[in-house]
**Q** 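The structure follows.
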Amino acid sequence: MTITTPHLGSPAGAWTDAQLLYALEEVVEKELNRHLQVAKDWMPHEYVPWSDGRNFPGLFEDGEAWEKEQSKVTEIGRIALVVNLLTEDNLPSYHHEIASLFGRDGAWGTWVHRWTAEEGRHGIVMRDYLLTSRAVDPDKLEQFRMSHMSEGFESDNRHSMLHSIAYVAFQELATRISHRNTGHQSGDPVCDRMLARIATDENLHMVFYRNLLKAAFQLAPDLTMQAVRDVVVNFRMPGHGIPGFERAAAQMAIGEVYNLRIHHDDVLQPVLRFLKIMEIDGLGAEGRKAQEELGLYLGGLDSEASKFDEKLAARKARMAARAGA
């Protein structure tokens, strides 16, 4: 796919995905080396309360059937944990997509495999925790996993490596925030520590892609601005195909795990501020248009988030009044 741009820094006035991959290779190598220096290996089994585990019914005659009351985890924590784990479960699809876009050779390939290996830990430790602590119904969890993974996953941005870089810069931070807030709302310190460990990984992944996006702005500012606009305006979390996702997302919004205000303030704004997105000048006509449309969208999103804040505050007030009655 070739996209024309008036920017003088692009080869012959145009960029292809292959040219951008090659042009960004040195930045990828630099960011990969930085990541490997700061990332700390950790053992998933060290975050699981194995002594709390016991048999479920099945092959073991002494198995104990799952009951909701067996777990310390709150209801909102349980809902969010299932969504977060099922999102992690589609790692094979994510790997296939980024390996197809970024390649398996050189610094790009090394990053693709390293990222996949680190993400693999998240699904391992979360499932072990959930089953050992009896936080969820194991049968339903497996049924959800089979349904979700059987559908596979295709990103809205698979048509463009630049759009994909922009997407993951925001999505990795969104995932970090979702894990962190789930831990805070879980009611279990063990769960909170586990998700804090996962969130640390997600933050490092965000930094990698955010810095790569910054480099893309220096190479192809108009195209990168358009990609950021498209991604922000059409943003969806990768777990949107999970069975019952809409209902779970609504409950997570009310439970302050992830909602419009969090998305605007804690996900979009930190990345956009780092990139100084509204201060970038020297753009061509299409780049300026994308920048203006992005600003208008963010203003509208902030207004929508304020309306949600008001509804949430009113709901809390009603619940407090009922509790005091």
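Residues: numbered from 1 along the sequence shown.
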**Q** Assess whether a salt bridge exists between Glu31 and Lys214, defined as any Lys/Arg side-chain N lying under 4.0 Å from an Asp/Glu carboxylate O.
**A**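 Between Lys214 and Glu31 there is no salt bridge, as every charged N stays at least 4.0 Å from the carboxylate O atoms.
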**Q** Could you state the interatomic distance from CG (Leu131) to CG (Leu141), rounded to the nearest 0.5 Å?
**A**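 It is 6.5 Å, given to the nearest 0.5 Å.
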**Q** Within this structure, what is the CG-CD distance for the pair Leu301 and Gln269, rounded to the nearest 0.5 Å?
**A**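 Atom-to-atom, Leu301:CG and Gln269:CD are 9.0 Å apart.
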**Q** Considering all heavy atoms of both residues, which atom of Asn55 and which atom of Arg134 are nearest to each other, and what is their separation?
**A**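 Smallest interatomic distance, heavy atoms only, reads O-NH2, 2.7 Å.
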**Q** Do any N or O atoms from the side chain of Gln70 and from the backbone of Glu67 form a donor-acceptor pair under 3.5 angstrom?
**A**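 Here the side-chain-to-backbone pair exists.
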**Q** Can you check whether Ser155's main-chain N or O pairs, donor with acceptor, with Glu97's side chain at less than 3.5 Å?
**A**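 Indeed, once roles are kept as given, a pair shorter than 3.5 Å links the two residues.
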**Q** Check for a donor-acceptor pair, side chain of Arg288 on one end and backbone N or O of Leu283 on the other, with a separation under 3.5 Å.
**A**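 Side chain of Arg288 to backbone of Leu283: a pair is present.
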**Q** Mind checking ring-ring contact (aromatic ring centres under 6.0 Å, His included) for His263 and listing every partner two or more places apart, or none if nothing turns up?
**A**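 Expected list: Phe235, Tyr258.
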**Q** Under the 3.5 angstrom rule, does the side chain of Ser178 hit a backbone N or O of Ala174 as a donor-acceptor pair?
**A**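 The answer is no, because no donor-acceptor pair under 3.5 Å joins these two groups.
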**Q** Any luck finding a side-chain donor-acceptor pair between Ser160 and Asp17 under 3.5 Å?
**A**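 On atom types as modelled, these side chains do not qualify, holding no pair under 3.5 Å.
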**Q** So for atom CD, which belongs to Glu142, do other residues, nucleotides or ligands contribute more than 12 heavy atoms lying within a distance under 6.0 Å?
**A**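 Check passes, neighbour count above 12.
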**Q** Do Thr116 side-chain atoms and His95 backbone N/O form a donor-acceptor pair below 3.5 Å?
**A**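 Not a single qualifying donor-acceptor pair exists.
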**Q** Check this for me, if you would: do Asp302 and Arg261 make a salt bridge, where the nitrogen-to-carboxylate-oxygen distance has to be below 4.0 angstrom?
**A**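 Looking at Arg261 together with Asp302, the answer is yes, because their closest N to O distance falls below 4.0 Å.
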**Q** Within this structure, what is the CD-CG distance for the pair Glu279 and Asp281, rounded to the nearest 0.5 Å?
**A**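 Interatomic distance, Glu279 CD to Asp281 CG, rounded to 0.5 Å: 9.5 Å.
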**Q** So which heavy atom on Asp266 is nearest to which on Ile177, and how close?
**A**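 Closest heavy-atom pair between Asp266 and Ile177: O-CG1, 4.0 Å.
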**Q** If we only count heavy atoms from C-beta on, is the Ile198 to Leu195 side-chain gap below 4.5 Å?
**A**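 When only atoms from C-beta onward are counted, Leu195 and Ile198 do touch, with a gap below 4.5 Å.
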**Q** What side-chain donor-acceptor pairs closer than 3.5 Å can you find for residues 39-50, not counting sequence neighbours?
**A**
| unit_1 | atom_1 | unit_2 | atom_2 | d |
| --- | --- | --- | --- | --- |
| Asp41 | OD1 | Arg121 | NH2 | 2.9 |
| Trp42 | NE1 | Asp201 | OD2 | 3.1 |
| Trp50 | NE1 | His45 | O | 2.9 |

**Q** Is Asp62 atom CG crowded by more than 12 heavy atoms from other residues, nucleotides or ligands, each under 6.0 Å away?
**A**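 Counting neighbours around CG of Asp62, more than 12 heavy atoms of other residues, nucleotides or ligands fall under 6.0 Å, so yes.
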**Q** Grab the two heavy atoms, one from Ile277 and one from Val228, that are nearest each other, plus how far apart they are.
**A**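 The pair with the smallest heavy-atom distance is CD1-CG1, 4.2 Å.
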**Q** Classify the side-chain pair Ser100/Arg158 by whether it contains a donor and acceptor separated by less than 3.5 Å.
**A**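 Side-chain D/A pair, Ser100 to Arg158: absent.
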**Q** Please name the pair of heavy atoms, one in Asp222 and one in Gly287, separated by the smallest distance, quoted to 0.1 Å.
**A**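 Closest heavy-atom pair between Asp222 and Gly287: OD1-CA, 3.7 Å.
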**Q** Under the side chain to side chain donor-acceptor pair (under 3.5 Å) test against Glu202, which residue among His122, Arg180, Arg176 passes?
**A**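 Between Glu202 and the candidates, side chain to side chain donor-acceptor pair (under 3.5 Å) is satisfied uniquely by His122.
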**Q** Using atom types as modelled and distance alone, determine if a side-chain donor or acceptor of Arg78 lies under 3.5 Å from a backbone N or O of Ala135.
**A**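 It does hold such a pair.
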**Q** Given ring pair (Phe, Tyr, Trp, His ring centres under 6.0 Å), test Phe56 with Trp66 step by step and report yes or no.
**A** CA-CA 7 Å; Phe56 288 103; Trp66 180 82; 8.6 Å; no
**Q** Should the ring pair His205 and Trp115 be called parallel, tilted or perpendicular, given that the plane angle runs from 0 to 90° and is split at 30 and 60?
**A**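 Ring orientation, 0 to 90° scale: tilted.
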**Q** Look up atom CG in Leu20 and atom CD in Glu25, then write down how far apart they are to the nearest 0.5 Å.
**A**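 Rounded to the nearest 0.5 Å, the CG-CD separation comes out at 12.5 Å.
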**Q** Can you tell if the side chain of Asn211 reaches within under 4.5 Å of the side chain of Val27, non-hydrogen atoms only?
**A**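 Contact flag for Asn211/Val27 side chains = no.
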**Q** Are more than 12 heavy atoms from other residues, nucleotides or ligands located less than 6.0 Å from atom CE of Met146?
**A**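 Counting neighbours around CE of Met146, 12 or fewer heavy atoms of other residues, nucleotides or ligands fall under 6.0 Å, so no.
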**Q** So with a 6.0 Å cut-off around CZ of Arg54, is the heavy-atom count from everything else above 12?
**A**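 More than 12 heavy atoms, drawn from other residues, nucleotides or ligands, come within 6.0 Å of this atom.
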**Q** Say whether Gln251 and Glu75, considering side chains only, have a donor N or O and an acceptor N or O under 3.5 Å apart.
**A**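 On atom types as modelled, these side chains do not qualify, holding no pair under 3.5 Å.
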**Q** Under a 4.5 Å cut-off applied to non-hydrogen side-chain atoms, are Leu204 and His35 in contact?
**A**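 A side-chain contact under 4.5 Å exists here.
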**Q** Verify, without hydrogens or angle tests, whether Asn90 (side chain) and Ser93 (backbone) share a donor-acceptor contact under 3.5 angstrom.
**A**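 Side chain of Asn90 to backbone of Ser93, a donor-acceptor pair under 3.5 Å: no, none is there.
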**Q** State yes or no: do Leu296 and Met278 share one hydrophobic cluster built from I, L, V, M, F, W and Y residues joined by side-chain heavy-atom distances below 4.5 Å, directly or via other members?
**A**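 No, it is not one cluster - the side chains of Leu296 and Met278 are not joined through contacts under 4.5 Å.
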**Q** Are there over 12 heavy-atom neighbours, none belonging to Glu29, within less than 6.0 Å of that residue's CD?
**A**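 No.
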**Q** Would you check if Glu286 and Met225 make a side-chain contact, meaning some heavy-atom pair closer than 4.5 Å?
**A**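 Heavy-atom side-chain distance check fails, nothing below 4.5 Å.
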**Q** For a quick check under 3.5 Å, do Glu118 and His113 share a side-chain donor-acceptor pair by atom type?
**A**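 There is no such pair (donor and acceptor under 3.5 Å, judged by atom type) between the side chains of Glu118 and His113.
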**Q** Does one side chain, of Asp188 or Tyr129, offer a donor that lies under 3.5 Å from an acceptor on the other?
**A**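 Yes, a side-chain donor-acceptor pair sits under 3.5 Å.
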**Q** Evaluate whether atom NE2 of His96 has more than 12 neighbouring non-hydrogen atoms of other residues, nucleotides or ligands under 6.0 angstrom away.
**A**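 It does not: His96 NE2 has 12 such atoms or fewer within range.
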**Q** List the atom of Gly183, the atom of Asp192, and the distance in Å for their closest heavy-atom pair.
**A**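 Shortest heavy-atom separation between Gly183 and Asp192 comes out as C-OD1, 3.2 Å.
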**Q** Using side-chain heavy atoms (C-beta onward) and a distance below 4.5 Å, is Leu81 in contact with Cys191?
**A**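 Heavy-atom side-chain distance check passes, below 4.5 Å.
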**Q** Look only at the side chain of Gln185 and the backbone of Asn181, and say whether a donor-acceptor pair between them is shorter than 3.5 Å.
**A**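 Side chain of Gln185 to backbone of Asn181: no pair is present.
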**Q** For Phe274, is the NZ or CZ atom of Arg210 found under 6.0 angstrom from the centre of its six-membered ring and inside 45 degrees of the ring axis?
**A**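 Because its charged atom sits under 6.0 Å from the ring centre and within 45° of the axis, Arg210 does stack over Phe274.
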**Q** Ser147 side chain to Gln143 main-chain N or O, any donor-acceptor pair under 3.5 Å?
**A**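 Flag not set: sc Ser147 to bb Gln143 has no pair under 3.5 Å.
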**Q** Using side-chain heavy atoms (C-beta onward) and a distance below 4.5 Å, is Phe170 in contact with Met206?
**A**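 No; the side chains remain at least 4.5 Å from each other.
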**Q** How far apart are the closest heavy atoms of Gly255 and Ile76, and which atoms are they?
**A**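 Where Gly255 meets Ile76 most closely, the heavy atoms are CA-CG1, 4.0 Å.
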**Q** Does the plane of the ring in Phe153 sit parallel, tilted or perpendicular to the ring in Tyr94? Use 30° and 60° as the thresholds.
**A**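 Judged by the thresholds at 30° and 60°, the geometry between Phe153 and Tyr94 is perpendicular.
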**Q** Is a salt bridge present between Glu310 and Lys307, judged by a nitrogen-to-oxygen distance below 4.0 Å?
**A**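 Salt bridge absent between Glu310 and Lys307.
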**Q** Please determine if Arg127 and Asp89 form a salt bridge, counting it only when a charged side-chain N lies under 4.0 Å from a carboxylate O.
**A**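 A salt bridge is present here (some side-chain N lies under 4.0 Å from a carboxylate O).
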**Q** Verify the neighbour count for atom CD of Glu151: are there more than 12 heavy atoms of other residues, nucleotides or ligands below 6.0 Å?
**A**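 Counting neighbours around CD of Glu151, 12 or fewer heavy atoms of other residues, nucleotides or ligands fall under 6.0 Å, so no.
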**Q** Between Gln226 and Gln291, is any pair of side-chain heavy atoms under 4.5 Å apart?
**A**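 No; the side chains remain at least 4.5 Å from each other.
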**Q** Answer whether the closest heavy-atom distance between the side chains of Tyr22 and Trp108 falls below 4.5 Å.
**A**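 When only atoms from C-beta onward are counted, Trp108 and Tyr22 do not touch, as no gap falls below 4.5 Å.
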**Q** Looking only at atom types and distance, does a side-chain atom of Thr74 sit under 3.5 Å from a main-chain N or O of Gly187, one as donor and one as acceptor?
**A**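 Side chain of Thr74 to backbone of Gly187: no pair is present.
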**Q** Does a donor on one side chain and an acceptor on the other come within less than 3.5 Å for Thr175 and Gln171?
**A**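 Indeed, the side chains of Thr175 and Gln171 share at least one donor-acceptor pair under 3.5 Å.
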**Q** Treating Ile, Leu, Val, Met, Phe, Trp and Tyr as nodes and any side-chain heavy-atom pair under 4.5 angstrom as an edge, say whether Leu272 and Tyr297 lie in one connected cluster.
**A**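 Per the 4.5 Å side-chain linkage, Leu272 and Tyr297 are co-clustered.
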**Q** Just distance, no hydrogens or angles: give the donor-acceptor pairs under 3.5 Å from side chains in residues 236-246, sequence neighbours left out.
**A**
| unit_1 | atom_1 | unit_2 | atom_2 | d |
| --- | --- | --- | --- | --- |
| Arg236 | NE | Asp156 | OD2 | 3.1 |
| Arg236 | NH2 | Asp156 | OD1 | 2.9 |
| Arg236 | NH2 | Asp156 | OD2 | 3.4 |
| Arg236 | NH2 | His240 | NE2 | 3.4 |

